[in-house]
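Just so it is clear: chains get the letters A, B, ... in the order the sequence lines come, proteins before strands, and each one is counted from 1.
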Amino acid sequence: MNNILILLIVLPLLSSFLVLLASFISRSSPGKIFSLGGVALSLGLLCLIAPAIFSGGTFSYSVGGWKGPLGITLYMDGLAWLTSLIGTIIALLALIYTSGEKDYHPRFYFFFLLLIVGMQGVILTDDIFNMFVFFEILSISTYVLVAYFQTERAIRASFDYLLLSSLGAAFFLLGIGLIYQAGGVLSLEGIREVAIHLQKNSPSMFNLAVVCLVVGVGIKAAFIPLHTWLPNAHAYAPTPVSALLSAVMIKVSFLSIWRIINIFQALTFQYLFIWIGAFTAFLAVIWALAQTDIKKILAYHSISQMGFIVASFGVASSLSLTASFFHIINHSLFKSLLFLSAGLVIYTTGIRDVSKLSGLGRKMPLGFFACLVGSLSISGIPPFNGFVSKNLISLSLKNYPVAAFLILLASVGTVASFSKIMRIFVGSSAGDRIKKVPLSMTLPLLILCAFCLALGIFPSWGAGGISRLIVPGSFSLPGVYTFWQVAVSILILAVGVLFYLFTLTSYGKRVFGYIRQMRSGLNNSLLLLIISLIFFVIFIQLF
Amino acid sequence: MSFYLIIAIFIVGIWGLIAKDNLIKKIIGLNILNSGVVLFFVYIGSFQGTTAPIMEKGIKDVVDPIPQALMLTAIVIGICLTALALALVLKLYQKYKTLSISQIEKMSKDE
């Protein structure tokens, strides 16, 4: 059973090389078959160990037979299993979608599979330097995939992302160096002991190391102020890649932060996350409201939803961790659903600007349905999954009214900006015909819709399972379908729609037009990274 | 002394990455930054021991080989990143006919 861990990494790696090999023989189909096969097999393996994980078991595997602390160990517990599962499911659905969208070159599948290798590696590894290596595999394949269409914007987005992320990686490496200097270990379990020692003896060194590690990974997890690369990179990537990046990559990066903070027991830092999260959720929604490009709106909402996740993580109670992780899963589901249905809109019409589209509902009923389910989920309307996790998040933020209020405002803004997206489906339409959509593009959408609905209708099933896997000890989840909570969500819906109507007035248009012009260039983004690093060090040093 | 030199190299790298307008110079800055980190690791490894860690009979007092092994990996990754970044710069130059980031950003202001 322990061999499954290495198979999860090796299977996509092997199929990526098979894809390239097969491309010498035949240009078209083998790529799809090998990549689908590899990922489907991984999914099967994950399902195979599900019973053992749910009964509290953990797995570990020493790579090459070299035992720790020097050898690299792979380790899987409930947290890693769930992340790996959701990542594999989304990757499989994105691959099915890809095979229908257009004829991608085998190179595309090669890098897509490498991205999955990096993702699995980051989740499973128990060695911090190995984590760095897998992060680089993940990032390098992402840079290539973002620039895949080689348009000016895509290349610029990829280049900006490369520089920012590499600067982050350099700091991550520096953090590893500081830890290694202090304790001479690299395995996460070994670091746990070193960290306790270091915190007592030289707290400033400890703080510097934690901040370097967290900012180094945080640049990929994209909370404000480290978010500057995300909107362009996610908006100009090919649609299946955007879905995978939004749904999986930023989550995997955040889970590494989760683990790092857990191991270092950096509680002041965890507290800071409440505020980072609340402001991220609020500010990103305002930017999202100002956009007109459909994929950019979704990309800004990825940042905003990360804010929800980060804020809830910061509270650090059993309930808030469950809520945070549940929202990670829900966001993966509905954001990939939204990106894929946005891809469907772009595929059939060729237009990305929401203000130029209208009346699509009658032409593409399925796309309309999928987008509606996704929008209702992300806005937190019952009975969809977003409602459950958003409610759990606001319950866990009970003791921080200001943060809870910012989160509430962010929910209102979410409704408003998704009213803007849904508007493209209603109204009169121009009479031109649209392209026919193959089944392989619509099937993933339907599956994701089913997931969104199922996790919303049976909250105890989803949230209960998660709390069993990631939180030690048992606690009772509060009910979410009470009268008050449903009433509040209806109120949010009403206020959100009203706010959307405000953005349509000439005054609202002027305000948001001004916000749209506010963009930070590459140099400012890099500078922002350094400034936030220094700010974090000072904050954690003072409190 | 060497520790301060490493910090200086690191900061020069950051400076190059942030303050230079030319894309190629930014990538050179990134490389200097990475070299700073590599030197830092090698410096950590140099604290104990004197002889090379070739484990044969009679060899004692070896240096810690792990930082060097780690840095070999990091250097390889750095080379991949540099190659990819230069490829992207080439594409950018073909599209915009300039290497200055401020001019590129000015040209694509209306997006």
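Residues A/Thr125 and A/Asn130 have side chains that bring a donor and an acceptor to within less than 3.5 angstrom of each other. There is a side-chain donor-acceptor pair under 3.5 Å between A/Asn523 and B/Lys26.
Under a cut-off of 6.0 angstrom, the local environment of NZ in B/Lys95 is crowded, with over 12 non-hydrogen atoms contributed by other residues, nucleotides or ligands. The neighbour count for B/Phe47 CZ, taken as heavy atoms of other residues, nucleotides or ligands under 6.0 Å away, is above 12. Residue-environment remark: CZ (A/Arg352) exceeds the threshold of 12 foreign heavy atoms within 6.0 Å.
For chain A, the nearby part of B/Ile101 is the side chain; its heavy atoms alone come within less than 4.5 Å. With a threshold of 4.5 angstrom between heavy atoms, A/Gln181 approaches chain B through its backbone and through its side chain. Both the backbone and the side chain of A/Ile140 come within less than 4.5 Å of a heavy atom in chain B. Contact annotation for A/Ile137: neither backbone nor side-chain heavy atoms come within less than 4.5 Å of a heavy atom of chain B. For A/Ala147, the part sitting under 4.5 Å from any heavy atom of chain B is the side chain, from C-beta outward, and nothing else. Heavy atoms of A/Ile176 lying under 4.5 Å from chain B belong to its backbone as well as its side chain. Residue A/Phe129 touches chain B through its side chain alone, counting heavy-atom pairs closer than 4.5 Å.
No donor-acceptor distance shorter than 3.5 angstrom exists from the side chain of B/Gln103 to the backbone of B/Leu99, with no hydrogens or angles considered. A side-chain donor-acceptor contact under 3.5 Å links B/Thr82 to the backbone of B/Gly78. Listed for the A/Trp229 side chain is a donor-acceptor partner under 3.5 Å among the backbone atoms of A/Ile219. Panel note: side chain B/Glu105, backbone A/Leu522; a donor-acceptor pair is recorded below 3.5 Å. When atom types are taken as modelled, the side chain of A/Ser141 and the backbone of A/Leu138 share a donor-acceptor pair closer than 3.5 angstrom.
Remark: of the listed residues A/Leu226, A/Ile538, A/Val211, A/Val211 is the sole one forming a side-chain contact (heavy atoms from CB on, under 4.5 Å) with A/Leu533.
Under the salt bridge (Lys or Arg N to Asp or Glu O under 4.0 Å) criterion, A/Glu193 pairs with no residue, sequence neighbours left out. A search for salt bridge (Lys or Arg N to Asp or Glu O under 4.0 Å) contacts involving B/Asp21 returns nothing, not counting sequence neighbours.
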Next item on the list: Start with the C-alpha distance between A/Asp293 and A/Lys296, add both sets of side-chain angles, then the distance that settles salt bridge (charged side-chain N to carboxylate O under 4.0 Å, His left out), and finish with yes or no.
Entry: CA-CA 5 Å; A/Asp293 182 320; A/Lys296 247 187 185 166; over 6 Å; no

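Interface summary for chain B: among A/Phe171, A/Tyr143, A/Phe159, the most heavy-atom pairs under 4.5 angstrom belong to A/Phe159. Counting heavy-atom pairs closer than 4.5 Å to chain A, the top residue among B/Leu33, B/Leu70, B/Asn34 is B/Leu70.
Of all residues spanning residues 86-93 of chain B, those with a heavy atom less than 4.5 Å away from chain A's heavy atoms are B/Leu88, B/Val89, B/Lys91, B/Leu92, arranged by number. Applying a 4.5 Å heavy-atom cutoff, the residues of residues 7-20 of chain B that approach chain A are B/Phe10, B/Ile14, B/Leu17, B/Ile18, B/Lys20.
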